[in-house]
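A quick write-up on the structure given underneath.
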Amino acid sequence: MSINNLERNYKKNTKHSNLLYQKSLKFFPGGISHNIRFFTPYPFCVKEATGKYLVDVDSNTYTDYWMGHWALILGHSPQNVSLALSKQVKNGTLYGTVNSLSIELAETIQRLMPKAEKLRFATTGSEATMYAVRLARAATRKKIVAKIIGGWHGFNSSLLESVNYPFEINEGLGLDVDNKYIKSIPFNDLDTSLQLLNNVKEELACIIVEPILGGAGCITPNNDYLQGLQEFSKKNNIIFILDEIVTGFRLSIHGAYKMFKLDPDLFTLGKIAGGGLPIGIVCGKNEILSLSNPNDKTNKNLICSIGGGTFSANPVTMTAGLKTLEFLQNNKKIVYSKINELGAYTRKELQKIFDENNADVKITGIGSLFNVHFLNNNVREINNATDVALADKEKLRKYHFALISKHKIFFLPSKMGAISYQHSKVDIDKLLNSTRSIIESKIL
Ligand SMILES: Cc1ncc(COP(=O)(O)O)c(C=O)c1O
């Protein structure tokens, strides 16, 4: 089956989605509310989701590996969360005041991640990373922020730099001209990173890094990379920020920092911590977070003014987060061993299928996360975002689109997949068989 046939097939099966997408274009620039949600010829339109499934308006049912931007570790609308939410919505959706649920969620997070000495709740991950950077600048009274080439920390303006290949040109209109206070460093290349950092260390406020490069392609860190950055930070009084918005509660219930034996000054959480509702959290050392305390008079009323915002710590998100973390905590052995074993099985078997068919592919990932990279003459290894960008992304898009169109398996084209507690070996075997059939039908 050719890609044209796949598109024809997709269009035949998603007529209502097509009509709604044309309507969507009248309201939203590009017809979408998040840049990455568009894919050609048009994205299907979802009407409902439960467990591991998404159902579109034409009643196609997809096994979902996008899982709400990788946030839904327990699947769509898990029963314990839905039941608690239906009670909570009758009991207030936005108090706009201090509330006990937010204290309970903070207490739960701190118990699981003791390095969260203090926390501030916000509504998106983008805000959390923006506040983390602002706190770091406040704590050091320095301006330069080091980030990873290809690192994604949301749409906050300070970190919208070196996100898209070739990682050198301005990320877009409306940003500060060439973001002169950002220093971009290459993931997994410690020597070059340290050299670049060394050049700016006098002015360097912080280094922000995702433990796993997620949005850039699902790349794990080399042995000493994260430790090396942390060591440099400690030695030079630079704030070390770990962006755990994807990895927090996914790689382990205690976060990637525990797994990689790291000691971040600040770290950010989001996604899973909100149990399927909007959240962002900046956490970390008391002495740094306390710079945002509006009642602290020792600073001559000069505080680091970070938000929260109208919807921060709303009782609905707090309830969903609490119920999700409660479930993860009470069932941590079965949840994490299940999703991590399925992840390992997926990576191993996918690699085997591509190898057996002489397809030049590298599977990356860790725990319940994985992605496929089609290698070529220029790219033989996947160690950083440049490797991902120079690999054959068109083949990856075709592969993911073939899964959607022909096999009703959903990955957001080119993005990594996430396994939830709802997935089973039967689902993974279906993914493996579908992959085999796609390779054999010479679509790629
Ligand atoms: C590592 C990381 N940080 C921050 C963000 C931004 O979070 P949000 O989309 O909730 O603003 C994301 C989103 O995917 C992310 O992957």
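Below, all heavy atoms of this structure are taken into account, side chains as well, without hydrogens, waters or symmetry copies. By convention here, the first residue in the shown sequence is residue 1. Since this is a predicted model, take the numbers as computed values, not measurements. All ligand and atom numbering here is 1-based and tracks the order in the structure.
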Over-ring placement of Lys338 relative to Tyr421, 6.0 Å and 45° cut-offs: yes
Those atoms of ligand 1 less than 4.0 Å from some heavy atom in Gly154: 4 (C), 5 (C), 6 (C)
Proximity of Phe155 to ligand 1 by residue part, where a heavy atom lies under 4.0 Å: neither
Value rounded to 0.5 Å, distance of CG in Leu101 from OH in Tyr95: 6.0 Å
Protein contact of atom 3 (N) of ligand 1 - nearest heavy atom, named by residue and atom, plus distance: Asp243 OD2, 2.7 Å
Identity and distance of the protein heavy atom lying nearest atom 16 (O) of ligand 1: Val246 CG2, 3.3 Å
Taking atom 7 (O) of ligand 1 as the reference point, the nearest protein heavy atom with its distance: Gly125 CA, 3.3 Å
For Ser126, the ligand 1 atoms whose distance to one of its heavy atoms is below 4.0 Å: 6 (C), 7 (O), 8 (P), 11 (O)
Trp70 N/O to ligand 1 N/O under 3.5 Å: no
Aromatic plane relationship, Phe155 with Trp152 - under 30° parallel, 30 to 60° tilted, over 60° perpendicular: perpendicular
Identity and separation of the nearest protein heavy atom to atom 15 (C) of ligand 1: Trp152 CD1, 3.7 Å
Where ligand 1 meets Glu210 - atom numbers and elements under 4.0 angstrom, heavy-atom basis: 1 (C)
Phe411 and Tyr65 aromatic ring geometry - parallel, tilted or perpendicular at 30°/60° bounds: parallel
Gap between atom CZ of Phe249 and atom CD1 of Ile73 - 0.5 Å precision: 10.0 Å
N-O pairing of Glu394 and Arg397 below 4.0 Å: yes
Selection from His69, Glu127, Lys271, Lys415 by shortest heavy-atom distance to atom 13 (C) of ligand 1: Lys271
Ring geometry between His34 and His69 (parallel below 30°, tilted from 30 to 60°, perpendicular above 60°): tilted
